[in-house]
Every structure is written in C-alpha cells, then in structure tokens.
Amino acid sequence: MTTIPTRTLHELADGVYVWLQPGGESGVSNAGVIVDDDGITVVDTLMVRSQWEPFVHAVERLDRPVRRLVLTHAHIDHVGGSRAFANAMVLGSPQTSALLDGEMPVAAYKAFMPAFDDEFDDLAEIGTRPVTHLVTDAAQLTPRVELLPANGHTEGDVMVLVADVDVLFAGDLCFFGVTPLAFQGDPATWADVLDAVGELAETIVPGHGPVGGAAETKLLQQYLRHCVAIARGDEGAIPPGPWDTWPERDPRDAINIERAALLANGRDEMPNAMLRAMGFA
Ligand SMILES: [Zn+2]
C-alpha cells in the first residue's frame with residue numbers, strides 16, 4: 001500500500017478525501033470528506049485549533065458547501081473542530097448527542113493529553129456543536145453516503161460507508177498500528193463487531209493510524225480478544241505480536257483489560273486505570 005501523506009487533504013478515491021494525522025496517539029485522529037452533487041459531507045473534525053484549522057481551510061478550498069457533518073462518536077479528538085462547520089447539519093448517535101450536551105471535562109483532557117495542554121482553554125471557549133439529527137438506524141444519507149450505527153468503542157458509534165468507491169470511515173471502531181482504547185466501550189462486543197467491519201469495504205479509514213483494510217482490522221480484533229481473555233482469567237498476559245510496536249500500550253492495556261473485567265461482572269463503570277490517566281485517582 002502506498003504511503004498517504006498526512007496533514008493534507010488526500011483524495012483517496014473519486015471525491016473521497018482523508019485527512020490523516022501521523023502517530024495516532026491520544027488526541028491525534030483522522031477526518032474525512034465525501035463530495036456529493038449537492039455539496040460536502042465531513043466525517044469528524046479533529047480536536048484542537050492547530051489541528052482543525054488547516055483541515056477546515058483545505059475543505060474550504062474544495063469550494064463546495066459543507067452540508068453535513070457526521071460525528072462518529074463524542075470523544076473530543078473527533079468533535080473539537082465542529083464549530084468550524086457552522087452551517088452543516090450535525091449527525092450523530094443519541095449517545096453522542098447526550099455527551100455533547102454535557103459539560104466539557106477540560107481538566108481531565110489536560111491530564112490525559114498533556115501535549116495539547118495549552119490549547120484546551122481555546123477549545124473550551126469555542127465549545128462544540130450539538131447533534132442536530134440523530135442516527136438510530138442504518139440510513140442512506142446522500143446518494144454516496146451511508147450511515148451505519150454500531151457499538152464497541154463506545155455505545156454509540158457511527159460508521160460512514162461510501163460503497164461506490166469501496167471506502168469505509170470506521171471512526172474509532174478501527175485503530176490501525178495504534179493501541180485501541182475501550183474505556184467507554186466493550187472490548188468483547190468490539191472484537192465481535194470487527195468481523196463485519198472488515199467485510200464492509202476494501203479500504204478502511206480508521207479513527208487513528210494509517211489507512212488499512214481487513215488485515216489490520218483482524219489484528220485489532222486479536223488484540224482485543226487477548227484483553228478479554230485476560231479479564232476472564234483465561235490468559236495471563238498479552239503475548240508478543242504485531243502490537244508490540246503500537247504506541248500507548250501503557251496505560252491502554254490496563255484500561256482495556258480492566259474495562260472488560262468490569263463488564264464481565266455486570267459493572268458498566270469507568271476503569272480505575274482510566275481515572276488515574278485522567279488525573280482523578
Ligand atoms: Zn474515541
């Protein structure tokens with residue numbers, strides 16, 4: 001697979017663009033653009049101004065109206081630039097809508113993502129846009145854009161399929177080459193969902209990391225299954241594997257395993273390992 005340049009609007013297929021950010025660690029996500037006859041659908045908006053401003057300017061240079069903004073989920077590294085698309089309808093799951101209507105936990109963001117410490121006050125001041133249109137079922141949004149609700153990374157994930165060019169924007173249901181984070185998800189469900197995700201399109205744009213496909217989705221599934229097996233006491237540790245090079249294994253292994261263990265015991269709670277990472281414990 002050819003290397004796709006980062007921090008630029010790269011045309012992946014006819015009228016379908018990706019804006020990738022290198023690294024893919026906490027706060028460093030990807031976004032997308034799909035062009036229909038009536039205008040543009042944007043998928044996610046990155047996090048802080050230094051990230052979303054160049055993306056927004058590149059979208060403006062396409063010189064088409066931005067009609068729709070799809071938020072794959074409510075995590076701040078996907079919704080931080082939403083105010084920049086002031087005239088677009090905003091589509092998201094009911095869970096995304098509820099989280100965006102709540103207060104922004106700025107102190108937790110600063111503790112969890114210290115690299116962006118000095119930009120979070122700006123983000124808090126601007127705020128995010130509320131969801132204007134709820135996505136509760138699979139829906140053909142435009143002639144090119146299909147919305148597919150799912151869960152696993154969160155309880156309200158939305159994927160965007162552009163079937164005519166065989167491209168899926170998976171949001172954070174896919175992390176490629178980066179350790180996934182399931183603090184609000186369900187690692188067991190997530191791993192199961194990935195069978196279907198990997199078959200939806202030839203080309204998969206993950207929420208974090210480089211563009212991939214079924215093979216990368218399979219690796220993510222294997223990693224999550226190890227986390228679930230450890231939580232159940234069936235395995236002792238994550239064995240050596242391709243994930244050895246993934247950034248942020250610490251603290252994410254501990255968070256993912258603890259979350260799987262909590263859910264296995266019927267406790268839908270924030271893992272202590274995540275609370276510690278956010279400076280709460
Ligand atoms: Zn996320």
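Positions are given from 1, in the same order as the sequence printed here. Every number for a ligand or one of its atoms is a count from 1 in the order of the listing.
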From the Zn ion (ligand 1), how many protein N/O/S atoms are found at a distance short of 2.8 Å?
4
In terms of the angle between their ring planes, are His75 and His153 parallel, tilted or perpendicular, with boundaries placed at 30° and 60°?
perpendicular
Test ring-ring contact (aromatic ring centres under 6.0 Å, His included) applied to Phe112 - qualifying residues, sequence neighbours left out:
none
Can you tell me how far apart CG (Asp44) and CG (Asp172) are? Round to the nearest 0.5 Å.
7.5 Å
Sequence neighbours left out, what passes side-chain hydrogen bond (donor to acceptor under 3.5 Å, both in side chains) with Glu146? Give chain and number order.
none
Establish, from distance only, whether the side-chain atoms of Ser50 and Glu119 form a donor-acceptor pair under 3.5 Å.
yes
Please list all pairs meeting ring pair (Phe, Tyr, Trp, His ring centres under 6.0 Å) that have one or both residues in residues 7-53, counting only residues at least two apart or in different chains.
Trp19-Phe55
